[in-house]
Amino acid sequence: MKNAFSVLLYAALGTLIACSGQHLDKSGDPYKASVISLTHVFQRVVRYDCNGRVTSDKTETVRSPTQLVTISPSTNRDLESSSFSNLTMGTKANCIFDVGSFYVDYYDGWCSMRVGLGKNEIRYDFTYCDQKTTRYDGRGNPYQDCASLSSRTHETGTTWIDVSYSEDFRSGILEIHPSAESCQQH
């Protein structure tokens, strides 16, 4: 249940902020790479139980080294799907928001595309359906689908990003107490 909630929360947040992703130029020229700065932020975190006892006191990640990026299709007309892969690292974007936005991550994230230091070549593929037809599912409900494989066209290409990575250690202590509601459930 917690994993499903995480997926929904990640999707909702991604959708809400998809418009604010760093826009990447579709230039295939590595000398025109978009600069991506990823910062991993750590801080001492003290966690408490419902009785006020310390359950954990350690340095934790308080912000992951991720960045939302956007590659826009030439047109949204008849746009059906998109995919993005990092040719340099052999990774792909597992979660895509608003057709052209996805997260890049310095580490392996379950929803983001892993990137490495320096230049990374990103391949994009936008799929369009030029002719749709009405089909029916197993219950007789109509839905729109692409008429045939020959009705699909692709806009493909590559772009480059130049990734830098840094770490920041915040001063102070972040204290985390359980909510009153969660303590009442025990």
Side-chain angles (χ1 to χ4, degrees), residues 1-38 63-116 119-163 181-182 185:
M1 182 70 172
K2 184 177 180 183
N3 194 22
F5 177 74
S6 296
V7 170
L8 291 173
L9 179 61
Y10 203 96
L13 288 173
T15 301
L16 287 173
I17 60 178
C19 296
S20 64
Q22 181 175 341
H23 185 67
L24 304 182
D25 185 3
K26 289 195 284 189
S27 168
D29 185 351
Y31 295 103
K32 295 181 180 178
S34 298
V35 175
I36 304 288
S37 299
L38 302 177
R63 190 177 82 212
S64 294
T66 61
Q67 170 70 47
L68 186 67
V69 297
T70 300
I71 300 175
S72 298
S74 295
T75 180
N76 284 328
R77 185 168 186 238
D78 299 325
L79 183 60
E80 191 175 63
S81 65
S82 59
S83 64
F84 306 93
S85 56
N86 184 336
L87 301 178
T88 306
M89 298 290 292
T91 58
K92 65 179 184 171
N94 294 313
C95 298
I96 300 169
F97 307 101
D98 197 26
V99 181
S101 296
F102 57 95
Y103 283 93
V104 295
D105 195 331
Y106 187 72
Y107 298 106
D108 286 321
W110 60 270
C111 199
S112 54
M113 175 192 294
R114 184 169 184 209
V115 295
K119 293 193 177 166
N120 292 248
E121 185 177 16
I122 309 299
R123 181 179 190 277
Y124 57 87
D125 183 354
F126 295 103
T127 304
Y128 300 90
C129 178
D130 302 327
Q131 185 180 6
K132 295 197 182 231
T133 188
T134 300
R135 299 191 194 280
Y136 297 90
D137 66 16
R139 295 185 176 163
N141 298 314
Y143 66 95
Q144 291 291 304
D145 193 17
C146 207
S148 67
L149 288 177
S150 62
S151 298
R152 285 194 170 93
T153 57
H154 293 268
E155 173 193 352
T156 60
T158 61
T159 188
W160 289 82
I161 58 174
D162 191 359
V163 178
E181 180 181 276
S182 69
Q185 294 175 357

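When a residue number appears, it is its place in the shown sequence, counting from 1.
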A.B. asks: Check whether Y128 reaches the backbone of T75 with its side chain - one donor and one acceptor, N or O, closer than 3.5 Å.
C.D. replies: yes
A.B. asks: More than 12 heavy atoms of other residues, nucleotides or ligands under 6.0 Å from OH of Y31: yes or no?
C.D. replies: no
A.B. asks: Check whether any side-chain N or O of Q22 sits under 3.5 Å from a backbone N or O of V35 as a donor-acceptor pair, and report yes or no.
C.D. replies: yes
A.B. asks: Please check: side-chain N/O of S64 versus main-chain N/O of T66, any donor-acceptor pairing under 3.5 Å?
C.D. replies: no
A.B. asks: Keeping the roles fixed (side chain from T88, backbone from E121), state whether a donor-acceptor pair exists under 3.5 Å.
C.D. replies: yes
A.B. asks: If only atom types and distance count, is the side chain of T159 paired as donor or acceptor with the main-chain N or O of I122 below 3.5 Å?
C.D. replies: no
A.B. asks: Identify the two heavy atoms, one from F126 and one from L79, that lie closest to each other, and give their separation to 0.1 Å.
C.D. replies: CB-CD1, 3.9 Å
A.B. asks: Go through it in stages, so that I can follow the logic: the residues are S83 and K92, the test is side-chain contact (heavy atoms from CB on, under 4.5 Å), and I'd like the CA-CA distance, side-chain angles, deciding distance and then a yes or no.
C.D. replies: CA-CA 8 Å; S83 64; K92 65 179 184 171; over 6 Å; no
A.B. asks: Apply side-chain contact (heavy atoms from CB on, under 4.5 Å) to residues N86 and V104 and explain how you reach the verdict.
C.D. replies: CA-CA 10 Å; N86 184 336; V104 295; over 6 Å; no
A.B. asks: Which atoms form the tightest heavy-atom contact between F97 and F102, and what is the distance?
C.D. replies: CD1-CA, 4.5 Å
A.B. asks: Using every non-hydrogen atom in the two residues, find where D162 and K119 come nearest and quote the distance to one decimal.
C.D. replies: OD1-N, 3.8 Å
A.B. asks: Has R135 got a side-chain atom pairing as donor or acceptor with A147's backbone, closer than 3.5 angstrom?
C.D. replies: yes
A.B. asks: For K32, look at atom NZ and say whether over 12 heavy atoms of other residues, nucleotides or ligands are found less than 6.0 Å away.
C.D. replies: no
A.B. asks: Rounded to the nearest 0.5 Å, what separation is found between the CE atom of M113 and the CD1 atom of I161?
C.D. replies: 7.5 Å
A.B. asks: Short question: side chain of K26, backbone of G157 - any donor-acceptor pair under 3.5 Å?
C.D. replies: no
A.B. asks: Side chains of Q144 and T134: is there a donor and an acceptor less than 3.5 Å apart?
C.D. replies: yes
A.B. asks: What do the steps show when you test N120 against V163 for side-chain contact (heavy atoms from CB on, under 4.5 Å), and what is the final call?
C.D. replies: CA-CA 8 Å; N120 292 248; V163 178; 3.7 Å; yes
A.B. asks: Should D98 and T70 be marked as a side-chain contact (heavy atoms from CB on, under 4.5 Å) after you check the CA-CA gap, both sets of side-chain angles, and the distance that decides it?
C.D. replies: CA-CA 9 Å; D98 197 26; T70 300; over 6 Å; no
